Colleague: 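First the structure, then my questions, so here it is.
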Amino acid sequence: MRIFTGTIASSGLAVGPVVRIDHGMVGLHRIVSDPHRERALYDAAIVLAKDELMTLQKHAQDQNDADILMFQVALLEDESFTNEIGDYIAAGAGSAAAVERAERIFADRIRNIDDDYLRERSVDVCDACRRVVDILDGRAHMPVQIKTPSILVSDLFYPSDLFALDRSMVLGLVSEKDSVTSHAAIMARSMGIPALCRVGEGTAVAADGHRAVLDAEGATLTVDPTVEQTAAAHRRQAQLAHRRERPDPLVTKPNRTRDGTSFTILGSANSSSPDEVRVAMSNGANGGIGLVRTESMILNGYDEERQLQEYRALVDYARGWPVVVRLCDPGADDGAPWVQTVQTLAARNSLYVTQVRALLRAGLAGPLCAVVPMICGVQGWDDFMQGVEECKTQLRAEGLPFEEDLPFGCMVEVPASALEVGEIISHGASFLYIDLDDLANFIYVQPKNEREEPRKTNMPVVKRLVRDVLDTAAANNTPVTLCSIPLNQLDGMADYMRLGARSFCVENAGIPGLKASLMELDLSGQRGQEA
């Protein structure tokens, strides 16, 4: 028996055989030809890889999967990516080695982005490049075959490792390197299966072919458990299954603390998928969808009309509940593989122009708001709002109807916006979102390689800055929502309730736990209590 400890990515319990996803060795038996032949081999491999990705995209089981696959296609078509590889081949390198080098360069750029969602897209770069290298090396890019329901283990899960699987055969996921914001973790939570990440190097090899108990409540993977441990795990599984079959009584209960103070919980979505909206509402979100990311729309090159369709669909899915859309952040994308293209677009301000125009037009369909990221003080807010007015002028000139009073809010994620929040409100911000995770990391300048360590959202300086924002907003009757709350720090939101916070936006998997935690509070005599 061996016990491995990791970080909980998705709660639950699984018992069964372990199957390892092995990405194999690369670079064996390569012979480098002349640069012209190597470039021709590379061009042919790109065509084959894109064909495979497009085929997978057509059979994707949900919109998130389809978006990831289209992202990989966009990467393989990107001019800066292709030029990097072409230059290395021209210098005498083999095509496979050139792709591997480009993978390291572009994946590292993404890993340095100050955005959890975008930073995890580095695995998509590795996935797409591995597909091309497999073709160049003559290796089959075949999905793992599972004959019996199993716990999957790997050093790192690539999206394509999971796309083609029969998900009814997956009991749980265990990764040595993935994080709680990785695609594998998000998929595990959406499937309702247990998952651990950061279990440490060597776990996959040690567990492969053995039976195991995956306890994503106690954050352990027990390989070759005893008879007693297995029996105890089966009993707990039965208890959990019985509990899941019963309707969660908290879902229908009012969102109020023990002393009657009401609060709001908003769901979030990484795309415009109706499934994510539905899950948020069924889990007890009582204020609508508080944060819909739009990166996938931008990275996939959606034009104004396609974005308009997506935003209108979101409003329709929400059935009258408010929807808050987070604009794509061109600053964060500067480290992405399409860096040259994005920088050019950002310089022309066309990223925001297209998004803002589509949102203004979609605002006629129902309650829709937009929150603007990476605003560095009141000057940054003024610059953005000037762009909004220019978009309105364009739409009027073109005779296109739009919502004149679409609410725009400011994402408070850097100290500059927190310190000047009063001025930002007076200059037109309709509401505020405080990004706790980013604000903490900007305050403490936390190195990227430490970002998976316990976050500092509960540190005194963070609380002090959040308290000041809450006080200023309250004095100006401006709504505030706390977002980007690490799942392992949901209990800490009680402190922010005591400081006056009343609205929280959390990943859908965290809604029930956050609601249960806040309902146990008694805020009698606390600052910020409602009348």
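FYI, the numbering just counts along the sequence from 1. Computed from a predicted structure; not experimentally measured.
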Colleague: Salt bridge or not for Arg306 and Asp303, using N-O below 4.0 Å?
Modeller: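 Between Asp303 and Arg306 there is no salt bridge, as every charged N stays at least 4.0 Å from the carboxylate O atoms.
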Colleague: Give a yes or no answer on whether the side chain of Arg198 reaches the backbone of Gly6 with a donor-acceptor pair at less than 3.5 Å.
Modeller: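 Between the backbone of Gly6 and the side chain of Arg198 there is no qualifying donor-acceptor contact (under 3.5 Å).
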Colleague: Show me the donor-acceptor pairs, under 3.5 Å and distance only, between side chains in residues 373-388 and residues at least two apart or in other chains.
Modeller:
| unit_1 | atom_1 | unit_2 | atom_2 | d |
| --- | --- | --- | --- | --- |
| Gln379 | NE2 | Asp383 | OD1 | 2.9 |
| Trp381 | NE1 | His427 | O | 3.2 |
| Asp382 | OD1 | His427 | ND1 | 2.8 |
| Asp382 | OD2 | His427 | ND1 | 3.1 |

Colleague: Are Phe106 and Phe81 close enough, and set up right, to give a ring-ring contact (aromatic ring centres under 6.0 Å, His included), and what steps lead you there?
Modeller: CA-CA 8 Å; Phe106 292 116; Phe81 177 80; 5.5 Å; yes
Colleague: Side chains of Cys483 and Met411, heavy atoms from C-beta outward: is any pair under 4.5 Å?
Modeller: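 Heavy-atom side-chain distance check passes, below 4.5 Å.
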Colleague: Side chains of Leu395 and Leu360: does their closest heavy-atom pair fall under 4.5 Å?
Modeller: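 Counting from C-beta outward, Leu395 and Leu360 do come under 4.5 Å.
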Colleague: Which value, rounded to the nearest 0.5 Å, describes the distance between Leu518 atom CG and Phe263 atom CZ?
Modeller: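 The distance works out to 4.5 Å.
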Colleague: Is the backbone N or O of Val123 less than 3.5 Å from a side-chain atom of Asp127, with the two atoms forming a donor-acceptor pair by type?
Modeller: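 No; zero donor-acceptor contacts below 3.5 Å.
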Colleague: Which heavy atom of Ala358 sits nearest a heavy atom of Leu308, and at what distance?
Modeller: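 Nearest heavy atoms, Ala358 then Leu308: O-CD1, 3.6 Å.
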Colleague: Does any part of the side chain of Val324, heavy atoms only, come nearer than 4.5 Å to the side chain of Tyr433, both counted from C-beta?
Modeller: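 They are in contact (side-chain heavy atoms under 4.5 Å apart), so the answer is yes.
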Colleague: So, does Ser517 use its side chain to make a donor-acceptor pair with the main chain of Leu514 at under 3.5 Å?
Modeller: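 Flag not set: sc Ser517 to bb Leu514 has no pair under 3.5 Å.
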Colleague: So, taking the atom named CG in Leu436 and the one named CZ in Phe504, what distance separates them when rounded to the nearest 0.5 Å?
Modeller: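 Answer rounded to 0.5 Å: 9.0 Å.
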Colleague: Between Arg498 and Met493, is there a donor-acceptor pair closer than 3.5 Å when you use the side chain of the first and the backbone of the second?
Modeller: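 Looks like no, no N/O pair under 3.5 Å.
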Colleague: Contact between Leu521 and Thr261 at the side-chain level, heavy atoms closer than 4.5 Å - yes or no?
Modeller: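 With C-beta onward as the side chain, the pair stays apart.
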Colleague: Going from CD1 on Ile193 to OG on Ser10, what distance comes out if it is rounded to the nearest 0.5 angstrom?
Modeller: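 Interatomic distance, Ile193 CD1 to Ser10 OG, rounded to 0.5 Å: 7.0 Å.
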Colleague: Looking at Thr354 and Tyr302, what are the two nearest heavy atoms and their distance?
Modeller: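 What the structure gives for the nearest pair is CG2-O, 4.5 Å.
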Colleague: With a 4.5 Å heavy-atom cut-off, do Phe431 and Val371 have their side chains touching?
Modeller: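 Yes. Closest side-chain heavy atoms under 4.5 Å.
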Colleague: Hey, is the main chain of Ala418 close enough, under 3.5 Å, to the side chain of Asp468 for a donor-acceptor pair?
Modeller: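 Looks like no, no N/O pair under 3.5 Å.
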Colleague: Counting distance only, does the side-chain N/O of Lys50 pair as donor-acceptor with the main-chain N or O of Ala74 below 3.5 Å?
Modeller: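 Side chain of Lys50 to backbone of Ala74, a donor-acceptor pair under 3.5 Å: no, none is there.
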Colleague: Identify all side-chain donor-acceptor contacts of residues 362-369 below 3.5 Å with residues at least two apart in sequence or on another chain.
Modeller:
none

Colleague: So which atom in Ser179 and which in Cys197 form the shortest heavy-atom distance, rounded to 0.1 Å?
Modeller: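 Between these two residues, the closest heavy atoms are C-SG, 3.7 Å.
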Colleague: State, with a plain yes or no, whether a side-chain heavy atom of Val466 is found less than 4.5 Å away from one of Leu439.
Modeller: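 Of all side-chain heavy-atom pairs linking Leu439 with Val466, at least one is under 4.5 Å.
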Colleague: Drop me the distance from Gln355's CD to Arg326's CZ, to the nearest 0.5 angstrom.
Modeller: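 That separation rounds to 10.0 Å.
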Colleague: To the nearest 0.5 angstrom, please state how far the CG atom of Leu173 sits from the CG atom of Leu152.
Modeller: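 Nearest 0.5 Å value for the CG-CG distance: 5.5 Å.
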Colleague: Check whether Asp124 reaches the backbone of Gln72 with its side chain - one donor and one acceptor, N or O, closer than 3.5 Å.
Modeller: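 Pair absent, no side-chain N/O of Asp124 close to backbone of Gln72.
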Colleague: Does Lys392 NZ have over 12 foreign heavy atoms under 6.0 Å away?
Modeller: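 Counting other residues, nucleotides and ligands, NZ of Lys392 exceeds 12 neighbours.
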Colleague: Under a 4.0 Å threshold between the charged nitrogen and the carboxylate oxygen, would Glu305 count as salt-bridged to Arg361?
Modeller: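 Salt bridge flag = yes for Glu305 with Arg361.
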Colleague: Counting only heavy atoms not in Arg256 (residues, nucleotides, ligands), do more than 12 fall under 6.0 Å from its CZ?
Modeller: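 Counting other residues, nucleotides and ligands, CZ of Arg256 stays at 12 neighbours or fewer.
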Colleague: List the residues meeting side-chain hydrogen bond (donor to acceptor under 3.5 Å, both in side chains) with Thr393, not counting sequence neighbours, and say none if there are none.
Modeller: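 None.
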Colleague: Check Leu470 against Ala501 and note the closest heavy-atom contact, atom names and distance.
Modeller: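 Heavy atoms only, the tightest pair is CD1-N, 3.7 Å.
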Colleague: Please assess Leu266 against Ile511 for the test side-chain contact (heavy atoms from CB on, under 4.5 Å), listing each intermediate value before the final yes or no.
Modeller: CA-CA 8 Å; Leu266 304 165; Ile511 293 174; over 6 Å; no
Colleague: side-chain contact (heavy atoms from CB on, under 4.5 Å), that's the test. Do Met519 and Asn255 meet it? Break it down for me.
Modeller: CA-CA 7 Å; Met519 287 178 67; Asn255 284 21; 5.7 Å; no
Colleague: List in chain and number order the residues that pass side-chain hydrogen bond (donor to acceptor under 3.5 Å, both in side chains) with Glu217, two or more places apart in sequence or in another chain; answer none if no residue qualifies.
Modeller: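 With sequence neighbours excluded, Glu217 shows a side-chain hydrogen bond (donor to acceptor under 3.5 Å, both in side chains) to no residue whatsoever.
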Colleague: Which pairs with one or both residues in residues 385-405 pass ring-ring contact (aromatic ring centres under 6.0 Å, His included), sequence neighbours excluded?
Modeller: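 Those involving residues 385-405 do not exist here.
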Colleague: One thing to verify: whether Arg357 and Glu398 come together as a salt bridge, which I'm taking to mean a side-chain N less than 4.0 angstrom from a carboxylate O.
Modeller: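 Looking at Glu398 and Arg357, the cut-off is met.
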Colleague: Could you grab the distance from atom OG1 of Thr257 to atom CE of Met497, nearest 0.5 Å is fine?
Modeller: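 It is 5.5 Å, given to the nearest 0.5 Å.
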Colleague: Which atom pair, heavy atoms only, marks the closest approach of Ala473 to Leu432?
Modeller: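 Heavy atoms only, the tightest pair is CB-CD1, 4.1 Å.
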Colleague: Let me check something: any side-chain donor-acceptor pairs from residues 475-482 under 3.5 Å, sequence neighbours excluded? List them with distances.
Modeller:
| unit_1 | atom_1 | unit_2 | atom_2 | d |
| --- | --- | --- | --- | --- |
| Asn476 | ND2 | Thr472 | O | 2.7 |
| Thr478 | OG1 | Asn476 | O | 3.3 |
| Thr481 | OG1 | Ser503 | OG | 2.8 |

Colleague: Decide yes or no on side chain to side chain donor-acceptor pair (under 3.5 Å) for Ser484 and Asp435, but give the supporting numbers first.
Modeller: CA-CA 5 Å; Ser484 294; Asp435 187 317; 3.0 Å; yes
Colleague: Might you work through the side-chain contact (heavy atoms from CB on, under 4.5 Å) test for Arg502 and Thr264, ending with a clear yes or no?
Modeller: CA-CA 6 Å; Arg502 295 292 181 266; Thr264 299; over 6 Å; no
Colleague: With side chains defined as the heavy atoms from C-beta onward, is the minimum distance between Glu304 and Val353 less than 4.5 Å?
Modeller: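 Result no, sub-4.5 Å side-chain heavy-atom pair not found.
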Colleague: Looking at side-chain heavy atoms only, is the closest gap between Leu75 and Val125 below 4.5 Å?
Modeller: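 Yes - at least one pair of side-chain heavy atoms lies under 4.5 Å apart.
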Colleague: What's the shortest heavy-atom distance between Leu76 and Leu53, and which atoms?
Modeller: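 Answer, listing the atom of Leu76 first, then Leu53: CD1-CD1, 3.8 Å.
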Colleague: Walk me through it: do Asp438 and Val414 pass the test side-chain contact (heavy atoms from CB on, under 4.5 Å)?
Modeller: CA-CA 7 Å; Asp438 274 353; Val414 297; over 6 Å; no
